Amino acid sequence: MGNKPIEGRTTAEKEGGVVVFHIGMRINAFHAVRSWWPVFMAMPRMLKELSRDRESGLLGYRILFSGARVVYVVQYWESQEKLLAYSAALDKSHRPAWATFNRRIREGRGKVGFWHETFVVPAGAHEQVYVNMPPFGLGAATGVIPVGRRGERAADRLRAA
């Protein structure tokens, strides 16, 4: 799906539940490149690995910046089980990156911050609408359909999810 806006109102094609995972870092000391650079570089490798593996469970993602200090990724997953399986897999990029990060965060004494949040959203508990937008968010991850296919009102779309 491209960057060309789709005229009118669309909604994400995804039906059923979804897991939304936010993960990010905050640079607390710009001069401490050794503390934050490896964290900054590890995420693109993991996203590339996940994107190549259709069975991983990653539906899509968006990288976002908030000022000069904060970078984070919003990820959409098929299930919490697949997210947790990736995070624990010994043969994937996450485990060694996590070990390196933990070592560096101890050495760095607060020079980089890190967070993640996981939202398990059951079927019928999420709704989205995009107006004159290219596919975005969950719609970019799963495709979009015209709003009318699920109902014109948010309550209709929630019941259809």
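Starting from 1, each residue takes its place in the sequence as its number. From a predicted model like this one, the values you see are computed outputs, not experimental measurements.
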Only distances under 3.5 Å count here; give the side-chain donor-acceptor pairs of residues 56-64 to other protein atoms, sequence neighbours excluded, each with its distance to 0.1 Å.
{"from": "S56", "atom 1": "OG", "to": "L50", "atom 2": "O", "distance (Å)": "3.2"}
{"from": "S56", "atom 1": "OG", "to": "D53", "atom 2": "O", "distance (Å)": "2.9"}
{"from": "S56", "atom 1": "OG", "to": "L58", "atom 2": "N", "distance (Å)": "3.2"}

Hey, can you pull the donor-acceptor pairs under 3.5 Å for the side chains in residues 37-49, sequence neighbours left out?
{"from": "R45", "atom 1": "NH1", "to": "M41", "atom 2": "O", "distance (Å)": "3.4"}
{"from": "E49", "atom 1": "OE1", "to": "Y86", "atom 2": "OH", "distance (Å)": "2.6"}
{"from": "E49", "atom 1": "OE1", "to": "S93", "atom 2": "N", "distance (Å)": "3.0"}
{"from": "E49", "atom 1": "OE1", "to": "S93", "atom 2": "OG", "distance (Å)": "3.4"}
{"from": "E49", "atom 1": "OE2", "to": "S93", "atom 2": "N", "distance (Å)": "3.3"}
{"from": "E49", "atom 1": "OE2", "to": "S93", "atom 2": "OG", "distance (Å)": "3.2"}

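Rounding to the nearest 0.5 Å places CZ of F119 at 14.5 Å from NE2 of H126. Remark: E78 CD to K14 NZ distance equals 7.0 Å, nearest 0.5 Å.
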Side chain to side chain contact (heavy atoms under 4.5 Å, CB included) between Y76 and V20, intermediate numbers included: CA-CA 5 Å; Y76 301 94; V20 182; 4.1 Å; yes

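Residue N28 comes nearest to G110 through the heavy atom pair ND2-O, 3.0 Å, listed as atom of the first residue, atom of the second, then distance. G139 approaches Y130 most closely through the heavy-atom pair N-OH, 3.0 Å. Taking each heavy atom of V19 and Q80 in turn, the nearest pair found is CG2-N, 3.2 Å.
In this structure, W115 and Y72 have tilted ring planes: the angle between them lies in the 30° to 60° band.
The closest donor-acceptor contact from the side chain of H116 to the backbone of I23 lies at 3.5 Å or more, if one exists at all. Between the side chain of R95 and the backbone N or O of A88 there is at least one donor-acceptor pair closer than 3.5 Å. Of the possible polar contacts, none joining the W36 side chain to the K111 backbone as a donor-acceptor pair under 3.5 Å is found. Although no hydrogens or angles enter the test, the distance criterion places a donor-acceptor pair under 3.5 Å between the side chain of N132 and the main chain of G8. Side-chain atoms of R69 come within 3.5 Å of backbone N or O of I27 as a donor-acceptor pair. A side-chain donor-acceptor contact under 3.5 Å links T11 to the backbone of Q128.
When hydrophobic clusters are built by joining Ile, Leu, Val, Met, Phe, Trp and Tyr residues whose side-chain heavy atoms come closer than 4.5 Å, directly or via intermediates, V120 is grouped together with L83.
Side-chain atoms of Q75 and W77 include a donor-acceptor pair closer than 3.5 Å.
With sequence neighbours left out, the ring-ring contact (aromatic ring centres under 6.0 Å, His included) criterion links F114 to W98, F101.
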